> 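Below you'll find the structure I mean.
Only a predicted model underlies this, so the values are computations on that prediction, with no experimental measurement involved. Just so you know, residue 1 is the first one in the sequence shown, and it goes up from there. Excluded from the calculations below are hydrogen atoms, water molecules and symmetry mates; all remaining heavy atoms, backbone and side chain alike, are included.
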Amino acid sequence: MYHWHKRQIDNGQIRLTCEDTVSLAGCNKGVIPDELSKILSPSDNPPIGWTLPIADKWNKEGWSLIIDIKPKGNEVFLCELDRVYGYSYEEWSPIMLRLKLLYIEESKDDIDKNDFLYPKDPEIIYTMLYLYGSIKDGKLVGTWNPPFGSITALLFWPEAMAFFYEQVKQIDPYFITAETKFIKEWNKISEINSD
């Protein structure tokens, strides 16, 4: 599901070739806790927000971290991990991933997930999760693994919501101002019941 791909130039385009499987989370081998541990200072304690510019760092070294969203599906859905935003509380950290959408709804017959060309101007999308892990005196604590079982919902206190909002607003302001539709039927029912 998570793979390091080597970036090489092929006739003026970037070609990505799968080299290794990697863990995103987990304090032993996970990319997120490993990269986070490298930027911490002894005064860092929760609650605290942080950012990991994964693509900025690793693209320069010739690598991309590719996420196969549907590894067993019939369609190819591949993203490059661009940035990781986190907000660490005492025992857990909500995480927001900024992804570059490389391929979606492509047939497995048309795209080789292990060797493909990087598309021009990939779309940006976000996803969120949380990990059991935090920071204490500049050190990682906890397993930094995702939850298991039926409770996987994210909980946001005001600081975390404000932190994520500010990060998106800075790098992708059009996400904040995108036009949306809203079903207002519930508002009508609420107004009738309040009379």
> Kindly compute the distance separating CD1 (Ile125) from CD1 (Ile69), expressed to the nearest 0.5 Å.
6.0 Å

> Do Leu78 and Phe116 come within less than 4.5 Å of each other through their side chains, counting heavy atoms only?
yes

> To the nearest 0.5 Å, what is the distance between CG on Asn114 and CG on Asp112?
5.0 Å

> Determine whether more than 12 heavy atoms belonging to other residues, nucleotides or ligands lie under 6.0 Å from atom CD of Glu19.
yes

> For Phe164, which residues count as a ring-ring contact (aromatic ring centres under 6.0 Å, His included) partner, sequence neighbours excluded?
Phe156

> Please report the interatomic distance CD(Glu75) to NZ(Lys70), rounded to the nearest 0.5 Å.
4.5 Å

> Measuring only between side-chain heavy atoms, which start at C-beta, is Ile66 closer than 4.5 Å to Cys79?
no

> Could you walk me through whether Asp172 and Arg98 pass the salt bridge (Lys or Arg N to Asp or Glu O under 4.0 Å) test, one step at a time?
CA-CA 10 Å; Asp172 296 313; Arg98 182 179 192 261; 2.7 Å; yes

> Side chains of Asp115 and Leu16, heavy atoms from C-beta outward: is any pair under 4.5 Å?
no

> Who are the ring-ring contact (aromatic ring centres under 6.0 Å, His included) partners of Tyr126, not counting sequence neighbours?
Phe175

> Would a 4.5 Å heavy-atom cut-off, applied to side chains only, mark Lys6 and Gln8 as touching?
yes

> Would the Tyr87 and Tyr89 ring centres measure less than 6.0 Å apart?
yes

> How many angstroms lie between CG in Leu99 and CG in Leu65, if you round to the nearest 0.5 Å?
10.0 Å

> Between Glu35 and Trp50, is any side-chain donor less than 3.5 angstrom from a side-chain acceptor?
no

> For Pro46, is there any backbone N or O sitting under 3.5 Å from a side-chain donor or acceptor partner on Ser88?
no

> How about Val84 and Thr51: do any of their side-chain heavy atoms sit closer than 4.5 Å?
no

> Report yes if the side chains of Leu140 and Leu36 come closer than 4.5 Å at any heavy-atom pair, otherwise no.
yes

> For residues Asp137 and Asn45, report the shortest heavy-atom separation together with the two atoms involved.
N-OD1, 2.6 Å

> According to side-chain hydrogen bond (donor to acceptor under 3.5 Å, both in side chains), who are the partners of Ser64, at least two apart in sequence or on a separate chain?
Arg7, Asn59, Glu80

> Using modelled atom types only, decide if a donor and an acceptor are shared between the side chain of His5 and the backbone of Lys113 within a distance under 3.5 Å.
yes

> Parallel, tilted or perpendicular: which describes the rings of Tyr130 and Trp92, with under 30° parallel and over 60° perpendicular?
perpendicular

> Does atom NZ (Lys108) have a neighbourhood of more than 12 heavy atoms from anything else shown, all under 6.0 Å?
yes

> Do the side chain of Trp63 and the main chain of Lys60 share a donor and acceptor less than 3.5 angstrom apart?
no

> Would you say that more than 12 heavy atoms from the other residues, nucleotides or ligands in this model lie under 6.0 Å from the NZ of Lys29, or not?
no

> Check whether any side-chain heavy atom of Leu102 lies under 4.5 Å from a side-chain heavy atom of Pro122, and answer yes or no.
yes

> May I ask you to test the Asp56-Arg83 pair for a side-chain heavy-atom distance under 4.5 Å?
yes

> Check whether more than 12 heavy atoms from other residues, nucleotides or ligands sit under 6.0 Å from atom NZ of Lys38, and answer yes or no.
yes

